[in-house]
Amino acid sequence: NGAVTTCCAPPPPLCPVGYERGDCLEDGSSDPDCCARRGTGGCGSGKNFTEGHICHPTGAVATCCMKPVQVGTPPMCPGDLLQLGCLEGGKHDQDCCAQPGLGGCAGGGKAVAGKYCAVNGGVATCCPPTCPVGTIQHSCLEDGKPDSDCCAKLGHGECQHGNMTIGQIC
């Protein structure tokens, strides 16, 4: 259909290296957007917390969490395959962990099963990169609206933060 992958230069990270936005708390309650007023953020599940960069025009900052370090945790995917752009049963899969045979790749690449990632037998969904080195499928827009699959016809895709590059056919 002529659609191509929208590849964006990543926005500046909101969290320091090693931290991620997830399992966030604000004033002790669940905070799905992981963006809290200074001094009110925290992390659940025993994760370490630090405040990140400003994430909202009000001056709220990113809630950044890090799992306690586990020495020797191996990569989940072989070679240059990544846990990005994953599908499970044909739908977006944020954790890139699916039952064997149900994992897929949004860019149309062939999914490869990685190492076990869940006690129920789930395996890492490993996908080939669909964007040039230095770009990612993130913060994409199609015709000015959020585009979760980062796949748009030529001239219809863009990046929220600018710096768009065209990737593979999707």
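Along the sequence shown, residues are numbered consecutively beginning with 1. Because the structure is predicted, anything quoted here is derived from the model rather than measured.
- The SG atoms of Cys43 and Cys65 are placed within less than 2.5 angstrom of each other.
- Here the side chains of Arg38 and Ile54 are in contact, with some heavy-atom distance below 4.5 Å.
- Using modelled atom types, one side-chain atom of Glu51 and one backbone atom of Gly39 make a donor-acceptor pair closer than 3.5 Å.
- The minimum heavy-atom distance between Cys55 and Ala62, with the atom names listed, is SG-N, 3.4 Å.
- Across Ala113 and Val123, no two heavy atoms sit closer than the pair CB-CG2, 3.8 Å.
- Per the SG-SG cut-off, Cys86 and Cys96 are bridged by a disulfide [distance under 2.5 Å].
- From Glu26, atom CD reaches atom OG1 of Thr40 across 4.0 Å, with rounding to the nearest 0.5 Å.
- Separating the CG atom in Asp143 from the NE2 atom in His156 is a distance of 5.5 Å, to the nearest 0.5 Å.
- Rounded to the nearest 0.5 Å, atoms CG (Asp93) and OG1 (Thr125) are 5.5 Å apart.
- We find the SG-NZ distance between Cys126 and Lys115 to be 9.5 Å, quoted to the nearest 0.5 Å.
- Taking the side chain as every heavy atom from C-beta outward, Thr63 and Asp31 approach each other to under 4.5 Å.
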For this session: Test Cys34 against Cys24 for disulfide (SG to SG under 2.5 Å), laying out the working first.
Result: CA-CA 5 Å; Cys34 293; Cys24 304; 2.0 Å; yes

For this session: May I have the step-by-step check of side-chain contact (heavy atoms from CB on, under 4.5 Å) for Asp27 and Arg37, ending in yes or no?
Result: CA-CA 9 Å; Asp27 289 327; Arg37 296 177 319 281; 2.9 Å; yes

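- Taking CD of Glu142 as the start and NZ of Lys153 as the end, the distance is 9.0 Å to the nearest 0.5 Å.
- Here the closest non-hydrogen pair linking Gly104 and Ala111 is CA-CB, 3.7 Å.
- Arg21 is listed as a side-chain neighbour of Leu14, based on a closest heavy-atom distance under 4.5 Å.
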